[in-house]
Amino acid sequence: MSVLVFAEAINNKYKKSSLEVVNYGAKLASSQGSNVIVLTNASADAAAELGKYGAQKVLNFESDSLHDNKMLSQIISDVANSHNADTVILSDNSKGKSLAGRIAIKLDAAAVSSATTLPNLEDGFVVQKSLFSGKAIGHYQMKASKKVITVAGNSIGLEEMGQPVAAEAFDASAYNATVEMVETKRVEGTVPLPEAELVVSAGRGMKGPENWGIIEDLAKTLGATTACSRPVADTGWRPHHEHVGQTGIAIKPNLYIAIGISGAIQHLAGVNHSKTIVVINKDPEAPFFKAADYGIVADLFDVVPRLTEALQKFKAS
Amino acid sequence: MNLLVCISKTPETTAKIAFKENDTQFDTDGVQFIMNPYDEWYALVRAIELKEQLGTGKVIAINVGPPSNDIVIRKALAIGADEAVRVNGEEKSATFVSKQIANYAKENNIDIVFLGKETIDYNGSLVGGMISELLDVPFLSYASNLEMEGDTATVTCDIEGGEEILKVKTPFVISAAKGLAEQRIPNMRGIMMAKRKPLVVIDPVEVTENEAIASYSIPDSKSGVKLLDPENMDELVRLLHEEAKVI
């Protein structure tokens, strides 16, 4: 038996979330006494690096386009079958979650998305997953002999645990796409919100879009991505792709700085998994303070430029 | 065109989440239920819009669940679905729900299956992929735009930090993200008409349970906020660096 990981590459580069699934697969295999195989869409050179994160065998096929989950799920399932893999590990992103359901049906496997822990093998095969937008945790017993898991980012940490391994080419030329790619657009420059480690977010307390300069200065100094609350996106002060919360993007950065956001339950649901939360609000009764690690009760227009200045000093030292 | 919209019932967003029976069951006592927002605001409305644009076809809302779900299904009819189906079973897992819906779709000549990108309770995002696989059709996930021309759809799918524009022919499954449509509020006429629209109840097909929630727990809450002096931002920077170790 073995564990199969699919590690997604973009232009022969791996995001942290792709390396984390390799780590997850390697740790699971080691606790089961099985081995881990990684399938990846990158050049042999780029793919070899996955050995550093625990891959024991790497199969690569070169493709920049993973837009057809019907075709890709067939490739992954075929590799799982031919390599006797009983567990398939995927990233918990738009691609991984779309693949997971398909692969679970193909393999008649148990499926859990957004797992936050390694499986507990003491009492069957139990993984945890966050439910109700972070208000609860579900402990899933995966009963079928085959399993499909997508692993939530920033869940188990990332460590180097091996040496590069020579990738073996996997021939994917016989697979045909059923969906035609017209165009891929990527936001250039800043780190996209779902992957950002540092996020500076602002809400209605900003009073108007013309005041966002201090937020951008702070984000730039920190190397952070900017975000906003729903009312701010709905009134058009900020673009919709910045909206974090239950009906926007759910994020889990290392640091979330909330400025002038009261902390409605729907907003908290999308950000309460952040490792450290700083809240700046002039209303000491703002519900957000209850979810915060550090709080500053003050006028944001005074305190934000002061924080930027303190950070500049810190970065320069 | 026959458009099938999967609708799910979820606790309202501010509902208090608690468990009973030794933390093995969700305690629904006092919980208000709503139609899952992604299903209602985007998937259902886009299907209705599409039917209006084409001037032909029908929109069927499908739900898997007990008779108490009928109130949510009637709302889908009030918003504009033409007919509804409820599979009379407990919506216990993504696999169970997917197999019921795929089974109905296969027998009813469905061109497009719509659903929300996730439910706001179990946050699984697995049902769309499962239905697609059971029907052996393409799956366009996290869609924020859909345009049809004949049997060809051009779909914008959200991906991390960008989007993909894809072309696909019917039949297919599409999961709706924010932007796919504008929310519609049912009007009085819609609510009255909903009462006369057909709501068919069918029996579920049997499904082997591959996974189950053994228990629930509540995450540890924050130990309490540390309030800092607004005049001393150097202290916050020091704490973020030395204590929280995030910068």
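To find a chain, count down the sequence lines: A is the first, B the second, and so on, and within it residues start at 1.
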Novice: Where does A264(A) contact chain B at under 4.5 Å (heavy atoms): side chain, backbone, both or neither?
Specialist: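 No part of A264(A) comes within 4.5 Å of chain B.
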Novice: Look up atom CD1 in I165(B) and atom NZ in K185(A), then write down how far apart they are to the nearest 0.5 Å.
Specialist: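 One finds 4.0 Å between CD1 of I165(B) and NZ of K185(A).
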Novice: Quick check on I265(A) against chain B: is it the side chain, the backbone, both or neither that has a heavy atom closer than 4.5 Å?
Specialist: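 For I265(A), the side chain is the part near chain B, not the backbone.
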Novice: Which region of I103(A), side chain (C-beta onward) or backbone (N, CA, C, O), has a non-hydrogen atom less than 4.5 Å from a non-hydrogen atom of chain B, or is it both or neither?
Specialist: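 Neither part, no heavy atoms under 4.5 Å.
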Novice: Can you tell which part of E235(B) gets under 4.5 Å to a heavy atom of chain A, answering side chain, backbone, both or neither?
Specialist: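 Neither the backbone nor the side chain of E235(B) comes within 4.5 Å of chain A.
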Novice: Counting only heavy atoms closer than 4.5 Å, note whether L311(A) contacts chain B via side chain, backbone, both or neither.
Specialist: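 L311(A) touches chain B through backbone and side-chain heavy atoms alike.
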Novice: Who passes side-chain hydrogen bond (donor to acceptor under 3.5 Å, both in side chains) against T95(B), sequence neighbours left out?
Specialist: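 Checked T95(B) against side-chain hydrogen bond (donor to acceptor under 3.5 Å, both in side chains); matches are E211(B).
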Novice: Among V127(B), T10(B), D136(B), who wins on heavy-atom pairs under 4.5 Å with chain A?
Specialist: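 With the most close heavy-atom pairs to chain A, the winner is D136(B).
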Novice: For K117(B), which atoms come within 4.5 Å of any heavy atom of chain A: side chain, backbone, both, or neither?
Specialist: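 K117(B) touches chain A through side-chain heavy atoms alone.
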Novice: Specify the closest pair of heavy atoms between R186(A) and I159(B), including all atoms of both residues, with the distance to one decimal.
Specialist: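 Looking at all heavy atoms of both residues, the shortest contact is NH1-CD1, 3.6 Å.
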Novice: Need one label for Q266(A): side chain, backbone, both or neither, based on atoms under 4.5 Å from any heavy atom in chain B.
Specialist: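 Answer is side chain: those atoms of Q266(A) sit under 4.5 Å from chain B.
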Novice: Checking A15(B) against chain A: side chain, backbone, both or neither under 4.5 Å from a heavy atom?
Specialist: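 It is the backbone, since no side chain atom gets that close.
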Novice: Less than 4.5 Å to any heavy atom of chain B: does that hold for the side chain of D108(A), its backbone, both, or neither?
Specialist: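 Both backbone and side chain.
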Novice: Of all the residues in residues 288-296 of chain A, which have a heavy atom that comes within less than 4.5 Å of a heavy atom in chain B?
Specialist: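 Residues F289(A), K290(A), A291(A), A292(A), D293(A), Y294(A), G295(A), I296(A) are the ones that qualify, each having a heavy atom under 4.5 Å from chain B.
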Novice: Using heavy-atom distances under 4.5 Å, tell me whether S91(A) contacts chain B through its side chain, its backbone, both, or neither.
Specialist: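 Looking at S91(A), nothing touches chain B.
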Novice: Which residue out of T156(B), L240(B), V168(B) racks up the most heavy-atom pairs below 4.5 Å with chain A?
Specialist: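 Between T156(B), L240(B), V168(B), the count favours L240(B).
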Novice: Not counting sequence neighbours, which residues clear ring-ring contact (aromatic ring centres under 6.0 Å, His included) with Y122(B)? List them please.
Specialist: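 In terms of ring-ring contact (aromatic ring centres under 6.0 Å, His included), with neighbours along the sequence ignored, Y122(B) is linked to F132(A).
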Novice: At a heavy-atom separation under 4.5 Å, does Q246(A) approach chain B through its side chain, its backbone, both, or neither?
Specialist: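 Both parts, heavy atoms under 4.5 Å.
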Novice: Checking F314(A) now: which residues fulfil ring-ring contact (aromatic ring centres under 6.0 Å, His included) with it, not counting sequence neighbours?
Specialist: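 In terms of ring-ring contact (aromatic ring centres under 6.0 Å, His included), with neighbours along the sequence ignored, F314(A) is linked to H241(B).
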Novice: Run the salt-bridge test on E164(B) and K95(A) with the 4.0 Å N-O cut-off and return the result as yes or no.
Specialist: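 Looking at K95(A) together with E164(B), the answer is yes, because their closest N to O distance falls below 4.0 Å.
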Novice: Using modelled atom types only, decide if a donor and an acceptor are shared between the side chain of E133(B) and the backbone of K106(A) within a distance under 3.5 Å.
Specialist: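 Absent.
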Novice: Counting only heavy atoms closer than 4.5 Å, note whether K70(A) contacts chain B via side chain, backbone, both or neither.
Specialist: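 When you check distances to chain B, only side chain atoms of K70(A) fall under 4.5 Å.
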Novice: Using modelled atom types only, decide if a donor and an acceptor are shared between the side chain of K97(A) and the backbone of G129(B) within a distance under 3.5 Å.
Specialist: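 Checked: no pair found.
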Novice: Closer than 4.0 angstrom, basic N to acidic O: yes or no for K167(B) and E180(A)?
Specialist: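 Judged by the 4.0 Å cut-off on N to carboxylate O distance, K167(B) and E180(A) do not form a salt bridge.
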Novice: Among L227(B), V225(B), N232(B), V155(B), which residue has the highest count of heavy-atom pairs closer than 4.5 Å to chain A?
Specialist: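 Highest number of pairs under 4.5 Å: V225(B).
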